[in-house]
Amino acid sequence: MPPWQRTDYCGAIRASDEGREVALWGWVQTRRDHGGLIFIDLRDREGIVQLVMNPEHNAAAHSAAGEARSEFYVAVKGKVARRSEGTVNAELPTGEIEILVHEFEVLNASAPPPFQVVDGEATAEEIRLKYRFIDLRRPEMQSNLRRRHQALKAVRDHLDQNGFVDIETPILFKSTPEGARDYLVPSRVNPGKFYALPQSPQLLKQILMIGGFDRYYQIARCFRDEDLRANRQPEFSQIDIEMTGPRPEDIQSIAEGMIASVYQRVLGIDVKPPFPRMSYADAVDRFGIDKPDLRFGLELKNLTSGFAGTAFKVFAEILSRGESVYGINVPGADPLTRRELDELTESVRTRYSMGLAWIKVGDAGWQGPIAKYISDAEKSAAASIADLKQGDTLIMVAGLPDKIRPVLGDVRLRLGAKFELDKSDELKFLWVVDFPLFDYSDEDKRMVAVNHPFTAPNPDDLKLLESTPLKARALAYDMVLNGQELGGGSIRIHSRELQLKVFELLGMSREESVDRFGFLLEALRYGAPPHGGIAFGVDRICMMLCGTESLRDVIAFPKTQKAVDPMSGAPSEVDPRQLRELSIKVTS
RNA sequence: GGGGUCGUAGUUCAGCCCGGUUAGAACGCCGGCCUGUCACGUCGGAAGUCGUGGGUUCAAAUCCCAUCGGCCCCGCCA
């Protein structure tokens with residue numbers, strides 16, 4: 001048992017505490033031993049405070065402090081004293097005072113830490129993760145995880161105030177092989193059968209609506225067995241929301257209020273709903289992507305009409321097939337060098353097997369490899385569409401719009417990064433709406449759901465399901481912030497017939513539909529109310545709140561790119577007896 | 001599955017192109033001295049399977065091949 005209880009947090013003591021007798025616990029951050037006087041910066045979750053051990057004041061405490069080393073966990077008693085003039089440290093919140101220690105006890109020694117907790121150089125992430133218990137002591141990790149807590153608290157408060165009920169759904173659920181790979185869990189009592197960890201509680205929350213809960217939310221853990229990225233972990237958290245009877249704008253309004261509350265309470269920043277809406281078609285046409293970063297321009301321009309009948313063979317051939325030319329005007333204020341243009345051209349060639357053309361509006365007219373093939377009429381047409389001025393550079397790609405707009409969207413983001421336009425701390429929220437319901441998968445030779453197969457078609461497009469389903473729009477919406485998708489949702493199908501129709505369009509037989517989603521189809525037979533909702537990526541929101549580039553910095557115990565936890569060593573082999581009980585044989 | 005990049009004291013790195021004495025530096029660590037430091041100072045010291053395996057060579061941290069691992073990206077992620 002500790003010899004005494006803590007009265008205060010180290011980092012929370014202030015000049016107003018002067019004269020108080022305090023008892024503190026904390027880690028030794030640094031020890032400055034002057035032979036006579038010893039100073040120790042003692043750290044806890046609130047920060048550091050300076051301890052002073054004076055042999056004339058208390059010899060035993062001084063001698064005990066002399067034995068303390070980095071990351072020892074110690075308990076002290078002492079008196080809060082104002083620092084004398086000239087020894088105040090303006091850099092520290094506790095810099096006006098120090099603790100004159102008269103009792104000093106080491107509660108637990110520490111091996112020399114593998115890296116310095118504070119003031120050390122940036123440590124390899126592998127080492128940080130292996131010794132996560134030390135890494136988590138770093139002020140940055142403390143701050144990130146507490147912001148995460150504050151964000152989730154704000155979310156819960158907001159949803160609670162709006163009548164949403166937090167309901168837990170199972171982690172052991174049924175495999176539904178549409179979408180990502182499932183994590184499987186063998187069932188011992190049902191040999192040869194498996195649960196799947198949920199990729200999201202999507203179906204369960206729909207069932208909850210049918211079950212009469214009307215407004216549900218959950219901070220739900222989700223699992224997807226796919227390759228990792230800086231912003232993708234195999235397990236992650238969603239703010240999962242569902243309600244009955246909403247129009248898209250009802251969900252959007254609740255979500256906007258929730259996000260505004262998060263920014264207000266975590267960062268003290270006012271964001272002003274409602275957020276602007278942009279159709280999917282516009283987003284793709286103007287930015288080449290369905291989650292545009294609106295902090296900067298560099299929009300895509302459709303130059304097709306300007307080059308009708310061009311003599312430039314490359315364009316002429318592509319246009320003769322009814323395809324398009326799109327371009328980006330890079331303003332002369334931020335000129336690209338010839339070398340940068342060549343690198344851009346080369347990278348577009350290698351990444352997309354596509355040609356990139358460019359011209360520069362110079363003093364002597366258009367310059368660049370293709371300038372001589374472009375007629376004056378085409379130049380003025382293109383200049384007018386793309387608003388070209390002296391010194392501007394026009395970057396162009398020709399081909400099928402669906403192929404070239406994402407390429408230019410990528411080029412746009414790279415230009416934004418090059419000019420550091422993506423460094424702005426502006427918050428450009430928007431809703432992307434009117435997503436298509438289906439997309440055609442060349443790989444699977446069939447239509448696939450753009451969102452998920454439970455998304456309701458726009459009622460205006462219902463008749464398109466029979467004729468041209470790829471043109472049907474969904475009642476789906478994504479919230480986007482600065483080029484990152486924070487969350488997405490939709491109104492769901494609540495009619496069994498329509499749901500079966502959509503499954504059929506996705507190439508699923510009646511038997512497959514019933515086998516995979518029979519419980520949903522059954523539930524839809526019993527007075528299922530119209531319903532819809534949204535889900536937000538907690539980890540990505542926290543990345544934005546903390547200004548970090550990696551999800552791993554907002555998760556206490558994340559996994560590496562190989563989905564390994566370097567601290568525990570998971571995943572690991574298991575005892576053969578465990579496998580026998582599960583009727584599982586490992587073949588590799 | 002593919003591309004890129006990194007792997008050298010506890011940590012962060014230099015050395016590698018162009019093979020050749022005892023593999024260096026900083027921080028940290030250990031010991032001495034030091035009563036106003038807060039990146040304390042100062043004197044001294046310890047500390048390395050150069051990721052692993054193989055090859056070339058009189059000789060490999062350095063060149064070649066393979067392999068493992070970290071990170072970033074493509075594929076994948078309804």
Side-chain angles (χ1 to χ4, degrees), chain A residues 29-43 48-57 62 66 69-71 81 83-92 94-95 98 100 110-131 134-135 176-182 199-200 202-203 222-234 236 347 350-352 410 414 435 437-439 441 443-444 447-455 474 476 485 488 490 502-503 506 508 516-517 535 537 549-550 552 558-564 566:
Chain A
Q29 180 158 306
T30 52
R31 183 181 56 115
R32 295 178 290 279
D33 187 343
H34 289 230
L37 280 181
I38 296 174
F39 299 97
I40 283 177
D41 291 337
L42 195 68
R43 184 188 66 242
I48 61 173
V49 70
Q50 173 163 281
L51 311 179
V52 186
M53 274 63 61
N54 187 329
E56 291 163 12
H57 178 61
H62 176 265
R69 295 293 182 273
S70 286
E71 300 308 310
R83 295 196 193 184
S84 64
E85 196 147 342
T87 65
V88 168
N89 186 344
E91 308 283 304
L92 291 178
T94 58
E98 59 196 2
L100 305 179
S110 170
F115 52 90
Q116 287 162 263
V117 172
V118 175
D119 287 335
E121 293 167 90
T123 307
E125 199 167 6
E126 195 179 1
I127 311 246
R128 288 176 49 205
L129 292 182
K130 179 169 180 190
Y131 298 95
I134 295 170
D135 190 49
T176 52
E178 184 95 349
R181 265 185 290 270
D182 284 324
Q199 296 178 22
S200 84
Q202 178 61 37
L203 290 167
C222 308
F223 305 86
R224 294 177 189 176
D225 186 6
E226 297 293 345
D227 288 350
L228 284 71
R229 287 284 190 286
N231 62 359
R232 258 164 42 192
Q233 283 273 310
F236 59 98
S347 85
T350 55
R351 270 172 90 159
Y352 301 102
D410 183 24
R414 282 197 273 167
F435 279 81
L437 194 58
F438 303 113
D439 192 12
S441 162
E443 192 188 337
D444 297 340
M447 289 199 299
V448 293
V450 166
N451 187 231
H452 54 58
F454 320 109
T455 302
E485 181 193 330
S490 63
V502 168
F503 285 156
L506 293 172
M508 239 183 279
R516 293 180 190 179
F517 304 112
E549 299 289 312
S550 168
R552 296 181 296 273
K559 292 176 180 59
T560 67
Q561 199 159 49
K562 280 265 193 304
V564 163

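Only a predicted model underlies this, so the values are computations on that prediction, with no experimental measurement involved. By convention in this document, chain letters (A, B, ...) are assigned in the order of the sequence lines, proteins followed by strands, and residues within each chain are numbered from 1.
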Quiz item: What are the two closest heavy atoms between A:P113 and A:E71, and how far apart are they?
Solution: CG-CG, 3.8 Å
Quiz item: Where do A:A474 and A:T455 come nearest, in terms of heavy atoms and distance?
Solution: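 Smallest interatomic distance, heavy atoms only, reads CB-CG2, 3.6 Å.
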Exercise. First locate atom CG of A:D410, then atom OG of A:S347, and finally report the distance between them rounded to the nearest 0.5 Å.
Key: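 Atom-to-atom, A:D410:CG and A:S347:OG are 7.5 Å apart.
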Heavy-atom distance under 4.5 Å between the side chains of [X] and [Y], does that happen here?
X	Y	result
A:T560	A:E126	no
A:R32	A:L37	no
A:S200	A:R224	yes
A:S490	A:H452	yes

Quiz item: How does RNA chain B read in dot-bracket, base by base from 5' to 3', with Watson-Crick or G-U pairs under 3.5 Å and | used when the partner is on another strand?
Solution: (((((((..((((......[...)))).(((((.......))))).....(((((..]....))))))))))))....
Quiz prompt | Worked verdict on A:T30 versus A:F39 for side-chain contact (heavy atoms from CB on, under 4.5 Å) | solution = CA-CA 8 Å; A:T30 52; A:F39 299 97; over 6 Å; no
Looking at [Y], is its backbone amide N or carbonyl O close enough to the side chain of [X] to form a donor-acceptor pair, meaning the two atoms are under 3.5 Å apart?
X	Y	result
A:Q199	A:A180	yes
A:R83	A:G95	yes
A:R516	A:T176	no
A:Q233	A:K559	yes

Between [X] and [N], is there a side-chain N or O to OP1/OP2 distance below 4.0 Å?
X	N	result
A:R552	B:C72	yes
A:R229	B:C74	yes
A:Q561	B:C72	yes
A:T30	B:C38	no
A:R32	B:C40	yes

Sticking with atom [atom1], work out how far [N] lies from [M], rounded to a whole angstrom.
N	M	atom1	answer
B:C17	B:A26	P	25 Å
B:A23	B:A60	C1'	13 Å
B:A25	B:C63	P	23 Å
B:U21	B:A59	C1'	13 Å
B:A9	B:C27	C1'	12 Å
B:C34	B:C43	P	16 Å
B:G24	B:G48	C1'	12 Å
B:C68	B:G28	C1'	29 Å

Take atom [atom1] of [X] and atom [atom2] of [N], then tell me their distance rounded to the nearest Å.
X	N	atom1	atom2	value
A:R232	B:C71	CZ	P	14 Å
A:F236	B:C77	CZ	P	13 Å
A:R224	B:G75	CZ	C1'	17 Å
A:Y352	B:G2	OH	P	21 Å
A:I40	B:C38	CD1	P	16 Å
A:R351	B:G3	CZ	P	16 Å
A:R181	B:C76	CZ	P	11 Å
A:D225	B:C77	CG	P	12 Å

Which of the following nucleotides, [options], is nearest to the side chain of [X]?
X	options	result
A:E226	B:G1, B:C77, B:U37	B:C77
A:S70	B:C73, B:C29, B:G75	B:C29
A:D227	B:G70, B:G75, B:C76	B:G75

Quiz item: NA contact type, A:T455, heavy-atom cut-off 4.0 Å: base, sugar-phosphate, or nothing?
Solution: nothing
Self-check item: Letter per nucleotide, 5' to 3', of nucleotides 5-12 of chain B [B base touched, S only sugar-phosphate touched, - untouched; heavy atoms, 4.0 Å]
Solution: -----SSS
Quiz item: What one-letter contact string describes nucleotides 30-36 of chain B from 5' to 3', where B marks a base within less than 4.0 Å of any protein heavy atom, S marks contact via sugar-phosphate atoms alone, and - marks no contact?
Solution: SS--BBB
Quiz item: Do NZ/NE/NH1/NH2 and the carboxylate oxygens of A:E226 and A:R232 come within less than 4.0 Å?
Solution: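 Salt bridge flag = no for A:R232 with A:E226.
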Exercise. On RNA chain B, check which nucleotide each of A:G179 and A:N231 is closest to and give me the residue with the more 5' one.
Key: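 Of the two residues, A:N231 wins.
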Self-check item: A:Y131 atom OH: more than 12 heavy-atom contacts under 6.0 Å
Solution: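 No, not enclosed.
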